[in-house]
Amino acid sequence: MNQDYIIPNEWSIIEEGFNSEKVKSSESLFSIGNGAMGQRANFEEYYSGETFQGSYIGGVYYPDKTRVGWWKNGYPEYFAKVLNAPNWIGINVLINEEKLDLHTCKEVSKFKRELNMQEGWLSRSFEAVLQNGIKIKVDTKRFLSLELDEIGAISYNITLLNADAKITYIPYIDAGITNEDSNWNDQFWDVLKISQNSHQSFIEARTMKTHFYTCTFMESKLFVDNHEVVTVCNNEQTANFTSCTYPEEIKKDQTYTIHKFGGYVVDRDYAKEALVEAAKEALDKAVGFGFDVLLEKQKESWAQIWSMSDITISGDVKAQQGIRFNIFQLNQTYLGTDASLNIGPKGFTGEKYGGSTYWDTEAYCIPFYMATKDQAVARTLLEYRYNHLEKAIENAAKLGFTNGAALYPMVTMNGEECHNEWEITFEEIHRNGAIAFAIFNYYRFTEDYSYIPEKGLEVLIGIARFWQQRATFSSDKNKFMILGVTGPNEYENNINNNFYTNYIAKWCINYALENIEIVKTDHVSDYIRIKEKVNFSDEELLKWKNVADQMYFPVSEKHNIYLQQDGFLDKELITVADLDKSQRPINQKWSWDRILRSPYIKQADTLQGFYMFEEDFSTEELERHFDFYEPFTVHESSLSPCVHSIQAAKLNRMEQAYTFYLRTSRLDLDDYNHEVEEGLHITSMAGTWMSIVEGFGGMRVQNNTLSFSPKIPKGWKAYSFKVNFRHQVITVNVSQKGTEFTLEGTEAIHILVDGEVVTVSPN
């Protein structure tokens with residue numbers, strides 16, 4: 001049974017009624033971020049109930065020592081943890097000296113929480129009766145500024161409803177925090193110095209091992225009925241905690257307000273000796289604007305983002321809410337302004353998985369950022385991998401590969417592998433293919449070839465070298481095999497000849513060879529530079545080609561399909577429809593041994609190959625493979641429904657495509673996998689965008705031309721989206737009556753619509 005307490009709304013995520021059992025789920029769903037930092041939707045005031053406190057700074061991590069039963073050669077020494085950072089949002093509240101705590105109040109009513117996605121803020125309101133009988137009304141609003149990305153702002157308002165009382169606000173910074181997800185329960189932070197300056201407070205802290213220097217800061221303003229109160233800050237501090245105390249005698253029906261500004265500055269941007277001064281400058285800007293002006297700037301910033309990235313759906317509020325939630329969270333996580341950052345699987349909403357990037361970025365996220373922002377943002381994501389090429393070569397060398405072979409990490413912060421499950425770290429090598437495919441995809445969409453001779457070709461060569469060395473020649477079959485792998489379907493470990501892995505390996509080699517020839521002919525100086533740097537020979541290239549030409553793919557003549565791996569048909573082929581629902585999700589109900597022996601597929605695997613290399617297969621081949629594999633797919637990966645939605649739409653199975661779309665768009669809102677309290681599935685959210693644009697809209701780039709094959713679900717009246725294609729913005733409006741295209745630009749563009757050439761003129 002999926003959760004169903006989020007109220008459908010086109011622009012907001014809304015929860016009504018306080019339920020302590022939903023607190024952790026809501027902390028994930030109502031998370032906020034601005035690309036530089038983020039936080040779960042923890043209450044500002046003290047809460048003694050079950051909670052998962054989390055605030056995170058982009059790029060700041062801790063190398064948590066690997067914890068395994070026994071050590072194997074090649075194991076990563078650490079698992080990079082997204083670090084829970086010092087908490088600046090806290091505001092303890094005393095009403096006649098009794099602490100406000102929703103978990104212990106006599107009564108909580110009219111509770112409402114809203115995440116306004118259109119304007120980029122989080123609010124909460126409720127009425128409560130404390131144990132001392134005082135009844136209060138509370139209204140809060142907070143946001144992480146896009147205008148000043150080191151700043152967050154809170155407005156916290158208390159109105160007395162039944163008596164006069166003394167209200168005391170105690171805003172604080174707490175650096176004595178721990179991680180929810182930790183291998184050894186290490187201390188991650190070393191507090192260096194605490195200082196105060198009138199109403200400003202600062203905690204300078206350094207991460208253990210990685211030595212990131214940070215300064216967490218705060219400043220507060222007080223108001224009674226919107227009139228500023230000039231008051232003295234009574235400072236208190238301990239070894240890792242600092243607070244200010246603001247008591248005020250308040251009359252019944254009066255409102256006592258605190259505006260709290262806080263955030264982080266880090267030594268990636270400033271000298272570590274200058275962090276406090278940088279924090280003061282940030283606070284001076286924020287306080288100078290004031291909460292209300294900064295909020296207006298927040299609304300303007302989000303309006304600009306939505307003007308390009310919004311997808312509208314008419315006639316289906318849940319579908320509309322779902323897609324906007326996904327787009328909103330993607331933009332909260334990554335805005336492309338810092339080349340050292342990437343898109344973590346939980347973003348700023350939780351700590352599970354660790355690392356700042358997976359293959360998800362290249363396989364799912366880059367299309368979203370290419371089409372909804374300037375292409376420079378997608379290029380920045382490609383450059384992130386180029387900057388880690390030497391580390392990828394080191395990763396491969398640790399496993400015995402030579403001659404500049406590169407194995408990109410499954411999980412990383414700085415390019416070094418930091419994932420400590422052997423069946424992933426050693427065997428899920430298909431991630432290499434996604435890195436290469438992203439280079440191809442970027443050029444296909446943008447027609448910007450310059451990245452390849454400047455940087456990308458070196459990446460392609462390192463990846464091709466890896467695949468050539470990783471393949472094993474079988475004299476029995478006279479073919480090259482890739483043995484002992486885990487494909488995208490992580491419910492099969494240590495199998496041989498995974499179709500997707502073998503296919504993308506062959507493709508990578510051929511793509512590298514193709515681009516070596518292009519650069520040799522058209523970019524001579526780059527070719528000479530690269531050849532001298534990586535030292536490849538014609539003889540080596542022939543070895544690559546031999547592997548690609550003789551790559552083995554398991555097939556079933558009986559079913560007329562490619563097999564997912566050599567032994568797939570040896571399993572007991574019971575479909576998901578015949579699986580007892582009480583056994584789902586199997587990853588929470590079954591032993592790993594049982595899962596590995598089952599036919600059940602976690603996510604698109606063979607079908608992932610059919611999605612990425614669609615032009616290599618006929619529609620009839622897709623249909624056969626879809627009909628064979630989808631019935632065994634449990635979709636217990638967040639990355640699965642979007643691919644199936646796109647392919648179902650291509651096969652004109654719109655009811656099925658819509659079902660998959662709704663699942664991917666509301667995966668977290670409805671908690672399909674019963675794990676949303678751990679954080680959101682950020683990278684799969686880009687797949688939701690793909691479900692509409694590539695699935696229902698049928699957008700492709702074919703023969704260097706933008707192409708559409710629009711379809712619309714039966715229950716929708718219309719939908720629309722924008723695509724920034726080679727610096728020209730095309731709006732696609734699809735209704736039950738037909739499709740309309742409009743163009744923002746200076747020159748007409750030729751596109752394909754259902755295979756026919758259509759010319760779209762500006763405006």
Side-chain angles (χ1 to χ4, degrees), residues 359-364 366-367 382 385 392 396 405-408 427-445 449 451-452 456-473 479-483 485-489 496-519 536 540-555 561-565 604-618 621-622 625 639 643 646-647 694 700-704:
W359 71 293
D360 309 16
T361 292
E362 283 74 23
Y364 299 90
I366 279 181
L382 297 184
R385 294 295 194 177
L407 176 58
Y408 276 90
E427 299 195 338
E428 204 161 335
I429 53 176
H430 65 80
R431 72 243 190 185
N432 246 19
I435 312 300
F437 184 81
I439 295 172
F440 160 75
N441 207 15
Y442 172 79
Y443 170 62
R444 175 174 62 176
F445 191 83
Y449 192 78
Y451 177 75
I452 293 177
L457 186 57
E458 293 175 51
V459 174
L460 295 175
I461 289 169
I463 288 172
R465 283 174 161 166
F466 172 81
W467 288 123
Q468 181 260 314
Q469 294 178 41
R470 185 62 171 79
T472 302
F473 185 73
K479 294 283 186 180
F480 281 93
M481 313 284 195
I482 299 183
L483 309 176
V485 298
T486 300
N489 172 29
N496 296 331
N497 296 309
N498 171 256
F499 170 80
Y500 174 75
T501 304
N502 287 25
Y503 201 90
I504 207 164
K506 175 187 175 79
W507 178 88
C508 284
I509 291 172
N510 285 331
Y511 190 61
L513 291 169
E514 173 189 330
N515 282 281
I516 286 172
E517 289 303 311
I518 293 171
V519 173
F536 61 84
E540 181 186 0
L541 302 188
L542 284 174
K543 288 182 180 179
W544 299 2
K545 189 173 188 306
N546 190 36
V547 170
D549 288 348
Q550 297 186 72
M551 186 64 72
Y552 172 74
F553 299 101
V555 297
I561 59 166
Y562 289 107
L563 288 178
Q564 184 166 284
Q565 48 91 3
D605 191 308
T606 301
L607 293 177
Q608 181 77 30
F610 273 70
Y611 162 67
M612 292 174 71
F613 304 106
E614 180 182 75
E615 293 182 358
D616 295 354
F617 306 100
S618 68
E621 285 177 297
L622 170 62
H625 286 78
L639 301 174
V643 172
I646 293 166
Q647 292 177 331
E694 297 183 8
R700 305 288 191 273
V701 179
Q702 296 177 333
N703 300 321
N704 203 32

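Everything numeric here is computed off the predicted structure, so don't read it as measured data.
- Summarising the geometry of M481 relative to Y552, their closest heavy-atom pair is SD-CD2, 3.3 Å, with the distance given to 0.1 Å.
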Going through the checks in order, is the side chain to side chain contact (heavy atoms under 4.5 Å, CB included) test met by R431 and L407?
CA-CA 9 Å; R431 72 243 190 185; L407 176 58; 3.6 Å; yes
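- Side-chain atoms of L622 and F617, non-hydrogen and from C-beta on, never get closer than 4.5 Å to each other.
- A pairwise comparison of heavy atoms in I366 and A438 identifies CD1-CB, 3.8 Å as the closest pair.
- Ring-centre distance between Y500 and Y503: not below the 6.0 Å cut-off.
- Nearest heavy-atom pair across V547 and F480 is CA-CD1, 3.7 Å.
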Using the rule given for salt bridge (Lys or Arg N to Asp or Glu O under 4.0 Å), can you reason through R700 versus E614, listing the C-alpha separation, both sets of side-chain angles and the distance that settles it, and then say yes or no?
CA-CA 10 Å; R700 305 288 191 273; E614 180 182 75; 2.7 Å; yes
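- Residue I509 holds its CD1 atom at 10.5 Å from CZ of F466, rounded to the nearest 0.5 Å.
- Put simply, the side chain of I439 does not reach to within 4.5 Å of the side chain of N515, judged on heavy atoms.
- The closest side-chain heavy-atom distance from K506 to N502 is not below 4.5 Å.
- Note that CD of Q565 and CG of N496 are 8.0 Å apart. Values are rounded to the nearest 0.5 Å.
- Closest of all the heavy-atom pairs between E621 and D616 is OE1-O, 4.4 Å.
- Between F613 and F437, the distance from one ring center to the other falls under 6.0 angstrom.
- Separating the CG atom in L457 from the OH atom in Y451 is a distance of 10.5 Å, to the nearest 0.5 Å.
- Side-chain contact between V555 and F499 is absent, with no heavy atoms from C-beta onward closer than 4.5 Å.
- Salt-bridge annotation for R385 and E362: present, with a side-chain N of the basic residue lying under 4.0 Å from a carboxylate O of the acidic one.
- The main-chain N or O of I482 is found under 3.5 Å from a side-chain atom of N497 such that the two form a donor-acceptor pair.
- For the pair Y511 and A436, the tightest heavy-atom approach, listed with the atom from each and the gap, is CE2-O, 4.3 Å.
- Put simply, CG on L460 and CG on N510 are 12.0 Å apart, with the number rounded to the nearest 0.5 Å.
- The CD atom of Q468 lies 6.5 Å from the CD atom of E540; values are rounded to the nearest 0.5 Å.
- Looking at heavy atoms from C-beta onward, Y449 lies in side-chain contact with V519 at the 4.5 angstrom threshold.
- Smallest separation of non-hydrogen atoms from M551 and K479: O-CD, 4.1 Å.
- Side-chain atoms of R444 do not come within 3.5 Å of backbone N or O of N703 as any donor-acceptor pair.
- Taking the side chain as every heavy atom from C-beta outward, Q608 and V643 approach each other to under 4.5 Å.
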Between Q564 and N498, is the side chain to side chain contact (heavy atoms under 4.5 Å, CB included) condition met? List the steps.
CA-CA 6 Å; Q564 184 166 284; N498 171 256; 4.1 Å; yes
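- Put simply, the side chain of W467 reaches to within 4.5 Å of the side chain of T501, judged on heavy atoms.
- With hydrogens and angles disregarded, no donor-acceptor distance shorter than 3.5 Å links the side chain of H430 to the backbone of I504.
- Between the side chain of D605 and the backbone N or O of N489 there is at least one donor-acceptor pair closer than 3.5 Å.
- Here the side chains of I461 and I516 are in contact, with some heavy-atom distance below 4.5 Å.
- With hydrogens and angles ignored, the 3.5 Å screen pairs a side-chain donor or acceptor of N432 with a backbone N or O of Y408.
- With rounding to the nearest 0.5 angstrom, the CG atom of L639 is 4.5 Å from the OH atom of Y364.
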